[in-house]
Amino acid sequence: GEDVEQSLFLSVREGDSSVINCTYTDSSSTYLYWYKQEPGAGLQLLTYIFSNMDMKQDQRLTVLLNKKDKHLSLRIADTQTGDSAIYFCAEKMDTDKLIFGTGTRLQVFP
Amino acid sequence: DSGVTQTPKHLITATGQRVTLRCSPRSGDLSVYWYQQSLDQGLQFLIQYYNGEERAKGNILERFSAQQFPDLHSELNLSSLELGDSALYFCASQKMGASYGYTFGSGTRLTVV
C-alpha cells in the first residue's frame, strides 16, 4: 500500500530538541521530504533528502534516513514557539507524485 | 507568496451543487497536482497533470474532474456535492523531475452545507 505513518502529536518545551518520526512504504522512493503547515496556510517545503544519503543537516534541521527500516526522522534543534505547526513527511513515487504522511502536530510550550 | 495561486480562498455551497476551483502554477512549472485535506483523512492525492495531460490519478471520486489548460492553469470541478466533500483543496506545482518537491498554493476551503 501507500501508507506513510507518523505519530499524531508531539509536545516539547521551548529550547529543547524535537524529533518527528515517519515510516514510509516504497523502498524505491528516490526523494523524501519534510513539509510544514501552519494554521490556515499551505504546505511549505522544509527540507528533503536523496535516498542514497543517511543524513542531511540544514541549520536547525537534521534529517536522518534509515533506508533498511524505511524510517525517516526530522530533528529540530532549539525548538521555538514559531515551530509549532503540523509536519508532514512525504515520499516521491515514480510518477513524481508525493504520498504524504498523516502529519504530526508539534506543540511548543514555554 | 509561493507563486502558486488558488482561487477562491473560501467557498460555501449547498449539497448537490457544483463548484470549480482554480489553480495557476508557478511560472515555468509544467506539473500540477491536486490534493484534498480533511480532518480525518490527512492529505489525499487526487490527480496530477503534466503539460495538459493527465499523468496520475489517486482516490478521486467520479463526481470530481479536473483539467489543465494550454496556459497551464488547472481547474478542479466538484459536482453533486456532499457534506463529506467539505475540506481544504490544495494545488501544487513542480518542474517535472525536480528534486526539490512541490510548491503549494494556500488552498481553497470548501464548506458544503
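Values reported hereafter were calculated over all heavy atoms of this structure, with side chains retained and with hydrogens, waters and symmetry mates removed. Just so we're on the same page: letters track the sequence lines, and every chain starts at 1.
- Under the 4.5 Å side-chain contact rule for hydrophobic residues, A:Leu64 and A:Tyr33 do not share a cluster.
- Tracing side-chain contacts under 4.5 Å through hydrophobic residues (I, L, V, M, F, W, Y), one reaches B:Leu11 starting from B:Phe64; they form part of the same cluster.
- Of the residues considered (A:Thr102, A:Ile86, A:Leu45), A:Leu45 shows the highest number of contacts with chain B, using heavy-atom pairs under 4.5 Å.
- Taking hydrophobic clusters as Ile, Leu, Val, Met, Phe, Trp and Tyr residues chained together by side-chain heavy-atom distances below 4.5 Å, A:Tyr24 shares a cluster with A:Met53.
- The environment of CG in B:Leu61 is crowded: more than 12 heavy-atom neighbours from other residues, nucleotides or ligands sit within 6.0 Å.
- Within 6.0 Å of CZ on B:Arg26 lie more than 12 heavy atoms contributed by other residues, nucleotides or ligands.
- A donor-acceptor contact shorter than 3.5 Å is absent between the side chain of B:Tyr102 and the backbone of A:Gln44.
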- Task: Walk me through it: do A:Leu43 and B:Leu43 pass the test side chain to side chain contact (heavy atoms under 4.5 Å, CB included)?
- Result: CA-CA 10 Å; A:Leu43 277 73; B:Leu43 211 65; 3.7 Å; yes
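- Open room surrounds CG on B:Asn59; 12 or fewer heavy atoms of other groups in view lie less than 6.0 Å from it.
- If you measure heavy-atom distances from A:Leu98 to chain B, the contacts under 4.5 Å come from both the backbone and the side chain.
- Under the 4.5 Å side-chain criterion, counting only non-hydrogen atoms from C-beta, A:Gln37 is in contact with B:Gln37.
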- Before giving the answer on ring pair (Phe, Tyr, Trp, His ring centres under 6.0 Å), spell out for A:Phe100 and B:Phe45 the whole-Å C-alpha distance, their side-chain angles and the decisive distance to 0.1 Å. CA-CA 8 Å; A:Phe100 286 84; B:Phe45 169 72; 9.6 Å; no
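- Taken from CE in A:Met93 to CD in B:Gln48, the straight-line distance is 12.0 Å, to the nearest 0.5 Å.
- Cluster annotation: B:Tyr35 and B:Val19 are assigned to distinct hydrophobic clusters (Ile/Leu/Val/Met/Phe/Trp/Tyr, side-chain heavy-atom contacts under 4.5 Å, transitive).
- Proximity to chain A is absent for every atom of B:Gln6, based on heavy atoms less than 4.5 angstrom apart.
- Contact annotation for A:Phe50: neither backbone nor side-chain heavy atoms come within less than 4.5 Å of a heavy atom of chain B.
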